[in-house]
There are 2 protein chains.
Amino acid sequence: MAAAVAIADAEGLAAVSIRRVAAELGARAMTLYSYIERKEDLLALMHDAIAAEVLVDEPLPDDWREALLLLARREREMVLRHPWRVELISQRIEVGPNGLRHVEQKLSVFDGFGIDRLTAWRILAAYADYMTGFVIREATDRRAPREQGINDAERAAVAEPYIRELIEGGEFPRLAPMIQEGVRGADDNFERGLSWVLDGIEADLHGR
Amino acid sequence: MAAAVAIADAEGLAAVSIRRVAAELGARAMTLYSYIERKEDLLALMHDAIAAEVLVDEPLPDDWREALLLLARREREMVLRHPWRVELISQRIEVGPNGLRHVEQKLSVFDGFGIDRLTAWRILAAYADYMTGFVIREATDRRAPREQGINDAERAAVAEPYIRELIEGGEFPRLAPMIQEGVRGADDNFERGLSWVLDGIEADLHGR
DNA sequence: TCGCATGCCGTACAGCGTATCAGTTTCGTA
DNA sequence: TACGAAACTGATACGCTGTACGGCATGCGA
């Protein structure tokens, strides 16, 4: 599992093949199948291993907003360390002990606020959805430049004129200037977006 | 492209291989490479094809909230029709004409509200992030039962006792009752979560 | 009728996950 | 110390993947 995580960190998830992991351990492919049943199990182990990095040891802030903010920052940082995590998100990975601990920790932020189970679950679902979307976008955006090196540059050289042509065709009056001039500061939206979500939730809680 | 979409709809994205698509068209594998350069191009075409289904022909509601809500519902329905879309999300697919039209349409909802570019971009980013997270969760949840049939059931039979054991160990006082008794209505959170996001944004706009 | 462009695809290669089964090492017990 | 069983390792093979290369057939303009 550690070997697989190291490979994924260094070369991406695609580089994690049974044969490659085995080679890293000085073994042959089939040896791994003494410990796992399918490759999917290895991915689940990797997933749970990095989930541990989000767990907070010391007590969380009493304020649920502050607590969720802290957990969100840790999750974001974890994904930046292990960008391949986003490729597992839409892959129906079995949840492990650390994943459960993380959910429990998120639930604990509502202790003492008299929030019923259903509401807590819904709040965490909305929070998790926003987080999922954000980290995916951030990770894939950052992956763009380096991932394939020259190959990507080649493709960009072909694709961009095509896009640029479309853009300049006049069909996109609102989008065109944004692409051409760029939108300064557009990629710095994590805290703000999260605040919007939490603001909406808080207003709803106080309103009822 | 249409053949590939049909296969993905019926059997999932994994079933879309070059050979399979070619077979569906009564051709051999290498024939496809007369029209695309890599499989990635085919995926991009599929992605852009279904993006068209989100576009709205008639004028959007004047109220930007109502307009975003309408677009969100259409996007959700589109993903439910083509659940394999979520597997493309974290895959750095080139944006196509319909994708651009969709962005332009989202930008158009702010016409007349005097919202600057940066703010509009940030609002749409937060909106898109929430949508991404939600549709991924919904699609993967729904995929669970059918995807692999017996195989999945087998795995669940092994995995569930393990999870159940963990849960019953007392380490998860908040999570345990939710798993054991379930949380009624927990999966009906789309409109509410989206409202929270939009509420937060709206409050911020009015506050400044 | 010729020359060439275009579309089609047979073959091949390196890689993948993993089923099967044979060989080797380790260990608990007598 | 000896033996049987269990655990571990891995060689081989199968069917699948994307795609590089090069040859063939057809149709069209001159």
Side-chain angles (χ1 to χ4, degrees), chain A residues 1-48 84 87-88 90-94 143 147-159, chain B residues 1-48 84 87-88 90-94 143 147-159:
Chain A
M1 183 201 75
V5 169
I7 294 171
D9 284 346
E11 303 169 45
L13 194 64
V16 178
S17 75
I18 295 288
R19 285 172 175 82
R20 179 79 164 72
V21 174
E24 210 73 26
L25 298 169
R28 288 323 107 117
M30 289 315 291
T31 303
L32 300 205
Y33 286 90
S34 304
Y35 307 91
I36 57 173
E37 262 187 1
R38 351 184 66 86
K39 188 188 181 185
E40 198 184 320
D41 299 344
L42 177 59
L43 297 179
L45 287 171
M46 295 168 68
H47 192 253
D48 205 57
W84 45 270
E87 293 175 62
L88 295 180
S90 55
Q91 217 169 306
R92 186 106 208 126
I93 292 292
E94 204 76 51
R143 187 163 38 164
E147 184 96 318
Q148 298 182 323
I150 296 169
N151 220 330
D152 237 16
E154 279 173 25
R155 296 186 62 72
V158 180
Chain B
M1 184 202 74
V5 168
I7 295 171
D9 284 346
E11 304 168 45
L13 193 64
V16 178
S17 75
I18 295 289
R19 285 172 175 81
R20 179 79 164 73
V21 174
E24 211 71 26
L25 298 169
R28 290 323 110 147
M30 290 315 292
T31 304
L32 300 205
Y33 285 90
S34 305
Y35 305 90
I36 58 172
E37 264 188 0
R38 350 185 66 84
K39 187 188 181 184
E40 198 184 320
D41 299 342
L42 178 58
L43 297 178
L45 287 171
M46 295 168 67
H47 192 254
D48 205 56
W84 44 271
E87 292 176 63
L88 295 180
S90 55
Q91 217 169 306
R92 187 107 208 122
I93 292 293
E94 206 77 51
R143 188 162 37 164
E147 184 96 318
Q148 297 182 324
I150 297 169
N151 219 331
D152 238 15
E154 279 174 25
R155 296 186 63 71
V158 179

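Below, read A as the first sequence line, B as the second, and so on, with proteins coming before strands; counting in each chain starts at 1.
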Using a 4.0 Å heavy-atom cut-off, write out nucleotides 4-17 of chain D from 5' to 3' as B (base contacted by protein), S (sugar-phosphate only) or - (no contact).
----SBBBBB---B

After noting the C-alpha distance and the side-chain angles of Tyr35(B) and Asp41(B), does the key distance pass the side-chain contact (heavy atoms from CB on, under 4.5 Å) rule?
CA-CA 9 Å; Tyr35(B) 305 90; Asp41(B) 299 342; over 6 Å; no

Ala14(A): which residues meet the side-chain contact (heavy atoms from CB on, under 4.5 Å) condition with it, sequence neighbours left out?
none

So how far is it from Leu43(B) CG to Glu94(B) CD, rounded to the nearest 0.5 Å?
12.5 Å

For residues 22-33 of chain B, which side-chain donor-acceptor pairs fall under 3.5 Å, sequence neighbours excluded?
unit_1, atom_1, unit_2, atom_2, d
Glu24(B), OE1, Arg20(B), NH1, 2.3
Thr31(B), OG1, Arg28(B), O, 3.1

List the atom of Ala44(A), the atom of Ile93(A), and the distance in Å for their closest heavy-atom pair.
CA-CG2, 3.6 Å

To the nearest 10 degrees, how far apart in direction are the end axes of the helix from dT1(C)-dA30(D) to dA30(C)-dT1(D), each fit to five base pairs?
10°

Just the table, please: protein N/O against nucleotides 25-28 of chain D N/O, every pair under 3.5 Å.
none

Please report the shortest heavy-atom distance between Leu45(A) and Met1(A), naming the atom on each side.
O-SD, 3.5 Å

Using the rule side-chain contact (heavy atoms from CB on, under 4.5 Å), only one of Met46(A), Glu40(A), Arg38(A) pairs with Leu42(A); which is it?
Met46(A)

Provide, to the nearest angstrom, the distance between the CZ atom belonging to Arg38(B) and the P atom belonging to dT19(D).
6 Å

Point-to-point distance, once rounded to the nearest 0.5 Å, from OG of Ser90(B) to CG of Leu88(A)
9.0 Å

Nearest heavy-atom neighbours spanning Val21(A) and Ala3(A):
CG1-CB, 4.4 Å

Taken to the nearest whole Å, CG/Leu32(B) to C1'/dA20(D) is 15 Å

